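For the numbers below, each heavy atom of this structure counts, side chains included, while hydrogens, waters and symmetry mates do not. Owing to the predicted nature of the structure, the values given are computational and were not obtained by experimental measurement. Every chain is numbered from 1, with letters handed out A, B, ... down the list of sequences.
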Protein chains: 2
Amino acid sequence: MTSMSHMEQVVKKLESKGVRPTAMRLLTYKRLAQLEVATSLGELEKDFERSERSTLFRTMKTFEEKGIVHQIEDGTGVIKYALCEDNCECEVGSDLHLHFHCDSCGETVCLTEHKIPSINLPEGYVAEDINLVVKGVCGKCTDDLD
Amino acid sequence: MTSMSHMEQVVKKLESKGVRPTAMRLLTYKRLAQLEVATSLGELEKDFERSERSTLFRTMKTFEEKGIVHQIEDGTGVIKYALCEDNCECEVGSDLHLHFHCDSCGETVCLTEHKIPSINLPEGYVAEDINLVVKGVCGKCTDDLD
DNA sequence: GTTTATGCAAATTCTTTGCAATACT
DNA sequence: AGTATTGCAAAGAATTTGCATAAAC
């Protein structure tokens, strides 16, 4: 058990991915870690007192390139982001999980325990990435309806 | 074997879905039927001599509500549309097929023969729609690389 | 004559880039 | 100093709406 502070852990995390741990990036990372749902740039922008959409945009771009976050298109028309799991390489067949968008509460979550089943493709097709979004009503919202 | 013209068939098709077969709608439908790939509004707009993006937008909205087309978000950031299959009810478990986006040629196709495998969801989650997009290189493009 | 669809213009929304200023090593 | 990051402003691209005209029933 280490005595590293949370902040120190985040710094290490970013550095291990080859990303310089600037103030904005630390803040953004911590916010993403805190959230249990996938988030859009617009939502992140509102979460911070002072923030620039362009900075956030570039932060997420950097994070994505370095394998810290992944994009999700959940059908709402805006891009959402969520942290990758530790040690995730975003590889077809091992890492790719499914996403669930709730039409009731509007939230999109990563169901990281639910990997994408193997998929048949026609002869000659090569899969490099898979995006699976299920829409419906989430557990929280079906509870509310009881 | 009927002697109905193609145009008459399209008229019947739209009427059977409760959509009035106006000139623009017939044109749009025929174009979609002709295309083997999913298409964006922008592409459709260019396909016609005279066309309005707003008219096309509303046409697709109507078509979608009536179950004539389905939307696809293929990761390119623009919404694509493709005709539903005959008798498709877009039902989870029977109708939903997967989509393939080729990073090489940029085309997105419906692999209507490839249904989405059954998916496990956590307790309490209800699926109403599933969107599965596989990205990679399509058969045509892997051929070209030979 | 009433409802429905279309064309045009413009508002919205979100993503993305240019460039100067700032911070970091 | 020299590179990387940020803030601001604004460009781009796509979706969506308001309203007046035109078409269909």
Minimal heavy-atom distance between B:S16 and B:K13, with the atoms involved, is OG-O, 2.7 Å
For this session: Respond yes when some side-chain nitrogen or oxygen of A:T22 is under 4.0 Å from OP1 or OP2 of D:dT5, and no when none is.
Result: no
Closest to the 5' end of DNA chain C, once B:R58 and A:K80 are matched to their nearest nucleotides, is B:R58
In whole angstrom, what separates [X]'s [atom1] from [N]'s [atom2]?
X: A:E45; N: D:dT6; atom1: CD; atom2: P; value: 15 Å
X: B:E52; N: D:dT17; atom1: CD; atom2: P; value: 16 Å
X: B:K66; N: C:dT4; atom1: NZ; atom2: P; value: 10 Å
X: B:E43; N: D:dT15; atom1: CD; atom2: P; value: 10 Å
X: B:E65; N: D:dT16; atom1: CD; atom2: P; value: 12 Å
X: A:Y81; N: C:dC14; atom1: OH; atom2: P; value: 13 Å
X: A:E73; N: C:dC14; atom1: CD; atom2: C1'; value: 12 Å
X: A:K61; N: C:dT15; atom1: NZ; atom2: P; value: 13 Å

Ranking D:dT15, C:dT15, C:dG7 by distance to the side chain of A:L41, first place goes to C:dT15
By nearest-heavy-atom nucleotide on DNA chain D, the more 5' of B:Q71 and A:T62 is A:T62
Result for 5'-nearest mapping on DNA chain D, choosing between A:R25 and B:R20, is A:R25
- Task: Pick base, sugar-phosphate or nothing for B:S54, based on heavy-atom distances below 4.0 Å to the nucleic acid.
- Result: base
Please check if atom CD in B:E91 has more than 12 non-hydrogen atoms from other residues, nucleotides or ligands closer than 6.0 Å. yes
Any salt bridge between B:E85 and B:K115, counting N to O under 4.0 Å? yes
Are the charged groups of A:R31 and A:D47 less than 4.0 angstrom apart, N to O?
yes
- request: Answer yes if the ring centres of A:H101 and A:H99 are under 6.0 angstrom apart, and no otherwise.
  value: no
I'd like to know if A:R53 reaches the base of D:dG7 with its side chain, counting only an N/O donor and acceptor under 3.5 Å.
no
